[in-house]
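Every chain is numbered from 1 and lettered A, B, ... according to where its sequence line falls, protein lines coming before strand lines.
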Amino acid sequence: MTPPPNDPPSDFIRDIVAEDVRSGKHTKIHTRFPPEPNGYLHIGHTKAICLNFGIAREFGGLCNVRMDDTNPEKEETEYVDSIMADVHWLIDGWADKNLCLNSGGAPFFASDCFQPIYGFAVQLVRRGKAYVCDMSAEQTDEYRRVGKESSFRDRSIEENLDLLARMKAGEFPDGARTLRAKIDMQSPNMWLRDPVLYRIRHAQHHQTGDAWCIYPLYDFAHCLSDYLEGITHSLCTLEFEVHRPLYEWILQTLDLPNELPQQIEFARLNLTYTVMSKRKLKQLVDDGLVGGWDDPRLPTISGMRRRGVTASVLRDFSYRIGITKYPSLTEVDALEHAIRAEFNQSALRRLAVLRPLKVTLTNYPEGKTEELDAINNPEDHSAGSRKVPFSRELYIEEADFMETPVPKYYRLKPGGEVRLKYGYIIKCDEVLKDSLGKIVELRCTADLESKSGGPNSNRKVKGTIHWVSAAHALEAEVRLYDRLFTVPDPDAGGDFKSFLNPHSLEIVRAKCEPSLGDAKPELRYQFERLAYFALDPDSQPNELVFNRTVTLRDTWAKEAKK
RNA sequence: UGCCUCGUGGUGUAAUGGUAGCACGAGAGAUUCUGGAUCUCUUUGCCAAGGUUCGAGUCCUUGCGAGGCAGCCA
């Protein structure tokens with residue numbers, strides 16, 4: 001397996017930044033991550049965070065976190081808090097030194113700049129580059145479509161100044177007027193057809209309260225926030241490409257003495273078998289189709305964290321997928337590979353049986369217990385070993401026995417032999433069933449000479465399976481997560497909710513080896529031959545709850561399908 | 001429809017006018033007290049057609065295809 005790429009990736013944006021440093025255009029690189037606080041962050045944001053903080057880190061610069069909070073009707077402080085928690089979690093120990101907050105230690109807010117932004121609006125009016133328009137939203141749309149100029153376009157500067165001040169003073173109801181840039185109603189780029197800069201909204205804002213009743217739109221606020229914060233490279237997703245001429249027009253039309261930021265667009269992340277839009281994620285949450293924003297099936301950062309994915313895995317993944325302008329659809333396999341690559345190195349191995357089948361060793365003394373040596377991590381000898389109790393009555397995995405085995409099956413079968421990991425080779429003598437014909441117990445004999453580590457342990461059998469001593473087993477709730485959707489691209493068409501995977505969560509009662517009793521939330525566990533698991537926050541000292549992060553690769557499952 | 005952008009194996013990417021490489025996936029084998037991991041090998045690609053050039057994935061033109069935008073959302 002290839003090691004995670006330690007070297008920062010190369011891409012067209014880093015090339016531009018490097019050239020700007022080389023040419024002396026910038027001496028200090030300053031990026032920003034500008035989420036709107038109207039939902040939780042997801043793995044798509046991870047890509048943006050790793051890009052912006054990665055660049056800051058590589059070029060010795062800074063990266064601001066800025067809440068893009070120009071629409072008070074959709075935004076809440078709950079989201080501000082969750083966003084900050086997720087960003088910290090993702091960058092701590094990696095780029096936390098490049099994180100730039102305001103002097104009070106809080107993130108930046110576009111709303112911090114409402115006053116200067118308003119000042120720039122006044123400046124635009126004074127320069128004859130903006131005007132107050134009384135048309136309705138519908139009429140504005142209509143005129144823009146056909147390229148017709150508003151009848152209010154040629155108001156005098158004095159009248160515009162007066163009306164803008166009265167808009168700000170709250171003299172007009174919502175939607176009554178707007179401030180518009182005066183650019184070019186014939187422009188082939190719709191965003192240059194006198195775009196709206198300010199709208200009237202008598203709404204409480206989560207940061208500014210009722211200080212304002214007019215709010216700048218994204219296009220006006222974003223470029224100016226970038227400028228005011230001293231951003232050098234403003235990296236955004238592809239849908240803002242057509243806005244770039246407006247971004248540049250605003251900055252160039254104003255009298256701005258400092259260096260201007262440069263907007264560069266890149267493709268957002270799409271992942272198979274999931275959805276990434278905040279609107280759709282919110283719908284799943286609001287409709288109760290998942291447990292919340294941190295449901296481990298969701299691609300939210302909080303959901304993946306709960307599922308057991310680590311920040312380093314997410315960063316590794318972000319580096320692997322690269323940055324381009326091609327709107328791609330990345331297979332989840334790449335994410336799962338990143339998880340397995342890290343966890344194979346770091347996870348502690350444990351024995352646990354998800355679907356128990358009882359096994360009695362008829363030739364093993366009743367009441368006897370042995371403590372067997374088990375290796376904690378074959379990839380990391382410093383992880384040491386532990387003792388696992390072994391006794392006459394055990395549980396093995398239901399799937400590790402077949403009464404009528406299929407070809408190439410080399411686990412336990414009637415009359416067949418298999419090795420119990422770290423223990424003995426056993427042979428199945430008898431299959432016990434209940435009145436319905438369901439297998440309830442296996443009676444086996446152990447080859448007492450074959451004990452692992454013993455002098456005669458080198459006899460080979462084809463299969464080795466995991467097990468747990470019945471008397472010593474710990475019960476645990478194990479949540480088995482699978483893909484949220486049954487189709488690779490639930491966005492492709494139709495109602496995405498109709499593609500939800502009904503089996504995306506299965507809960508089982510598992511039997512675990514005793515050492516799992518002091519499982520720690522910060523550690524990852526591999527239940528041998530099964531999957532990687534992490535403790536869920538629901539877990540209690542006497543009621544363990546594990547989440548399956550990702551299964552092990554299973555070439556037998558593939559073989560069995562043939 | 002207009003405008004903008006983008007087309008490299010199944011997927012994600014590299015190449016900066018000079019042998020199309022890497023990763024994921026898939027397939028085959030070796031090995032294994034995890035059907036894991038590891039190792040080896042294999043498969044499949046420059047959207048098309050012209051042009052410039054000694055030489056084009058790269059530059060130009062045209063065509064085709066895909067995505068985005070056309071909110072007083074971001």
Complement of [N], any strand, by Watson-Crick or G-U distances under 3.5 angstrom:
N      : value
U42(B) : A26(B)
A74(B) : none
G65(B) : C6(B)
U32(B) : none
U52(B) : none
U19(B) : none

Looking at the base of [N], is there any donor atom on it, or on the side chain of [X], that sits under 3.5 Å from an acceptor on the other one?
X         : N      : value
Arg349(A) : U34(B) : yes
Tyr410(A) : G35(B) : yes
Arg340(A) : G36(B) : no
Gln526(A) : G36(B) : no
Glu265(A) : U5(B)  : no

Taking atom [atom1] in both [N] and [M], compute the distance separating them and give it to the nearest angstrom.
N      : M      : atom1 : answer
A15(B) : A20(B) : C1'   : 8 Å
A49(B) : G68(B) : C1'   : 27 Å
U58(B) : C41(B) : C1'   : 32 Å
U62(B) : C54(B) : C1'   : 26 Å
U5(B)  : C39(B) : C1'   : 44 Å
C24(B) : U44(B) : C1'   : 14 Å
C4(B)  : U8(B)  : C1'   : 23 Å
G45(B) : U40(B) : C1'   : 24 Å

* Asked: Pick the nucleotide of RNA chain B nearest each of Glu138(A) and Asp554(A); which residue has the one closer to the 5' end?
  ->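 Going by which nucleotide is closer to the 5' end, it is Asp554(A).
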* Residue mapping more 5' on RNA chain B - nearest nucleotide basis, Lys460(A) or Tyr532(A) ->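 Closest to the 5' end, via its nearest nucleotide, is Lys460(A).
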* Using the six-membered ring for Trp and the full ring for Phe, Tyr or His, decide whether Trp556(A) stacks on the six-membered base ring of G35(B) (centres under 5.5 Å, planes under 30°). =>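 Given the distance and angle limits, yes, they stack.
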Nucleotides 57-60 of chain B: which of its N/O atoms have a protein N/O under 3.5 Å away?
none

* To do: Enumerate the residues from residues 240-247 of chain A whose closest heavy atom to RNA chain B is under 4.0 Å, giving them by residue number; use none for an empty result.
  =>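 Result for residues 240-247 of chain A: Phe240(A), Glu241(A), Val242(A), His243(A), sorted by number.
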Hey, does [X] reach any base, or is it just sugar-phosphate, or nothing, if we go heavy atoms under 4.0 Å?
X         : result
Gly453(A) : base
Met167(A) : nothing
Lys421(A) : base
Asp219(A) : nothing
Leu329(A) : sugar-phosphate

* To do: Please state whether the rings of Phe240(A) and His243(A) are parallel, tilted or perpendicular, taking 30° and 60° as the class boundaries.
  =>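 Phe240(A) and His243(A): perpendicular rings.
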Closest to the [X] side chain: [options]?
X         : options                : result
Ser10(A)  : G12(B), A15(B), C69(B) : A15(B)
Glu331(A) : A15(B), U32(B), U11(B) : U11(B)
Ser452(A) : G67(B), C73(B), C33(B) : C33(B)
Lys558(A) : A26(B), G35(B), C24(B) : A26(B)
Lys325(A) : U5(B), C24(B), U32(B)  : U5(B)
Asn189(A) : C69(B), C73(B), C3(B)  : C3(B)

Tell me if the centroids of the rings in [X] and [Y] come within less than 6.0 Å of each other.
X         : Y         : answer
Tyr273(A) : Phe485(A) : no
Phe114(A) : Tyr215(A) : yes
Phe343(A) : Tyr532(A) : yes

Whole-Å gap separating [atom2] ([N]) and [atom1] ([X]):
X         : N      : atom1 : atom2 : answer
Glu513(A) : U34(B) : CD    : C1'   : 14 Å
Ile16(A)  : U16(B) : CD1   : P     : 17 Å
Glu342(A) : G36(B) : CD    : P     : 21 Å
Phe527(A) : U34(B) : CZ    : P     : 19 Å
Arg14(A)  : U13(B) : CZ    : P     : 13 Å
Ile264(A) : U5(B)  : CD1   : P     : 15 Å

* Applying side chain to side chain contact (heavy atoms under 4.5 Å, CB included), run through Gln526(A) and Leu348(A) and close with a yes or a no. => CA-CA 6 Å; Gln526(A) 183 198 105; Leu348(A) 296 174; over 6 Å; no
* With sequence neighbours excluded, what pairs up with Tyr424(A) under the ring-ring contact (aromatic ring centres under 6.0 Å, His included) test? ->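 If we apply the ring-ring contact (aromatic ring centres under 6.0 Å, His included) test to Tyr424(A), skipping adjacent residues, the hits are Phe390(A).
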* **Enclosure of Ile375(A) CD1 (heavy-atom neighbours >12, cutoff 6.0 Å)** =>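 No, the 6.0 Å shell around CD1 holds no more than 12 heavy atoms from other groups.
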* Under 6.0 Å from the CZ atom of Arg268(A), do we count more than 12 heavy atoms belonging to anything else shown? ->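 Result for CZ/Arg268(A): open.
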* Please work out whether G45(B) sits syn or anti, treating a glycosidic angle within 90° of 0 as syn. =>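 G45(B): anti.
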* Phe266(A)/Phe12(A) under ring-ring contact (aromatic ring centres under 6.0 Å, His included): CA gap, chis, key distance, verdict -> CA-CA 9 Å; Phe266(A) 64 95; Phe12(A) 76 100; 8.1 Å; no
Report yes if at least one side-chain N or O of [X] is closer than 4.0 Å to OP1 or OP2 of [N]; otherwise report no.
X         : N      : result
Arg145(A) : G2(B)  : no
Arg320(A) : C22(B) : no
His466(A) : U34(B) : no

* Applying the side chain to side chain donor-acceptor pair (under 3.5 Å) test to Arg244(A), which of Gln263(A), Glu265(A), Gln262(A) qualifies? ->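 Single pass found, and it is Glu265(A).
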Pair [X] + [Y]: basic N to acidic O under 4.0 Å:
X         : Y         : answer
Asp184(A) : Arg193(A) : no
Asp491(A) : Lys280(A) : yes
Arg201(A) : Asp174(A) : no

* To do: Compare all side-chain heavy atoms of Pro299(A) with those of Met276(A) and state whether any distance is below 4.5 angstrom.
  =>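 When only atoms from C-beta onward are counted, Met276(A) and Pro299(A) do touch, with a gap below 4.5 Å.
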